[in-house]
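Written out below as structure tokens is the structure these notes cover.
We count residues from 1, following the sequence as given.
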Amino acid sequence: MNRKIETFAFVSSGTPDSDEAISELARIYGQTEARNADVIVALGGDGFMLATLQNYMNQGKMIYGMNRGSVGFLMNEYKEEGLKERIEAAQAETIRPLKMVTETADGETFTAFALNEVSLLRQSYQAAKIRISVDGQVRLEELICDGVMVATPAGSTAYNLSAQGPIIPLDARLLALTPVSAFRPRRWRGALLPNRVTVRFDILEPEKRPVNAVADHTEVKSVLSVTVEEALQMRATILFDKNHSWNERILKEQFLY
């Protein structure tokens with residue numbers, strides 16, 4: 001897809017490499033306030049890219065990342081030359097976050113959003129006991145584990161992959177439900193779910209086996225229940241170099257093992 005890019009807003013993760021890159025890129029291409037820029041260029045790693053996408057959710061902004069961090073699966077290669085042409089030819093992908101709603105032991109309700117995953121993790125030395133329901137139907141009466149997560153296609157190569165979850169193409173209408181160190185049922189490896197479902201987790205024996213819930217970088221302690229569903233009205237647009245698209249990265253990743 002070709003687009004006309006005239007103005008850039010460069011944002012930095014705050015590392016020395018990122019700050020140095022901003023100075024040079026702003027000198028070459030100019031620096032415009034994000035609200036007025038044709039494109040926002042994020043300089044950092046995957047964590048900063050996720051934060052940038054969250055910051056500009058539903059604002060009609062395109063986010064193009066260049067790697068100045070340690071991972072960079074969501075980022076493009078850092079190059080100063082030809083940036084305008086690269087972005088104009090880049091492939092756009094739409095990402096929708098997950099909405100997490102939690103009820104805590106104190107009776108409070110919290111809502112947070114995640115582009116990668118919503119994860120539940122044991123808070124103490126005791127394994128967690130969790131009941132899992134999908135669209136109101138109990139699918140797993142009791143999962144004994146260190147944790148469990150719901151991951152988006154964008155997040156399927158992050159924590160989900162480390163927990164032996166499946167890699168999902170970005171345009172697949174699926175979510176990964178993946179356990180972390182499942183003890184019972186020991187052979188359960190998770191499930192692939194349609195992205196329109198609502199997943200509910202109920203914590204069993206919450207006083208003895210407390211559990212925290214995390215939506216990307218937002219953590220809620222001592223939850224009693226967590227519901228997760230796709231936030232259909234929210235979206236962010238991420239750009240990938242034409243010769244190194246997201247689907248190509250996903251395909252390549254599956255042949256690295």
Heavy atoms, side chains only, cut-off 4.5 Å: are [X] and [Y] in contact?
{"X": "Ile203", "Y": "Arg209", "answer": "no"}
{"X": "Thr102", "Y": "Met100", "answer": "yes"}
{"X": "Thr178", "Y": "Val148", "answer": "no"}
{"X": "Lys221", "Y": "Gln123", "answer": "yes"}
{"X": "Ser225", "Y": "Phe201", "answer": "no"}
{"X": "Thr227", "Y": "Val199", "answer": "no"}
{"X": "Cys145", "Y": "Phe183", "answer": "no"}

Just by distance, do the side chain of [X] and the backbone of [Y] share a donor-acceptor pair under 3.5 Å?
{"X": "Ser156", "Y": "Ile168", "value": "yes"}
{"X": "Arg68", "Y": "Ala42", "value": "no"}
{"X": "Thr7", "Y": "Asp38", "value": "yes"}

* To do: In sequence, state the C-alpha distance, the side-chain angles, and the governing distance for Thr104 and Ser222, and then conclude on side-chain contact (heavy atoms from CB on, under 4.5 Å).
  => CA-CA 6 Å; Thr104 71; Ser222 301; 5.6 Å; no
* Carboxylate-amine/guanidinium contact Arg35 Glu33, below 4.0 Å -> yes
* Asked: Looking at Glu142 and Arg184, does any basic side-chain N land under 4.0 Å from a carboxylate oxygen?
  -> no
* Worked verdict on Tyr64 versus Asp241 for side-chain hydrogen bond (donor to acceptor under 3.5 Å, both in side chains) -> CA-CA 9 Å; Tyr64 180 88; Asp241 283 337; 2.6 Å; yes
* Nearest 0.5 Å please: distance from the CZ atom of Phe240 over to the CE atom of Met75. =>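 CE of Met75 is found 9.5 Å from CZ of Phe240.
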* Do Thr32 and Phe8 pass the side-chain contact (heavy atoms from CB on, under 4.5 Å) test, and can you show the C-alpha distance, the side-chain angles, and the key distance before you say yes or no? -> CA-CA 6 Å; Thr32 301; Phe8 301 79; 6.0 Å; no
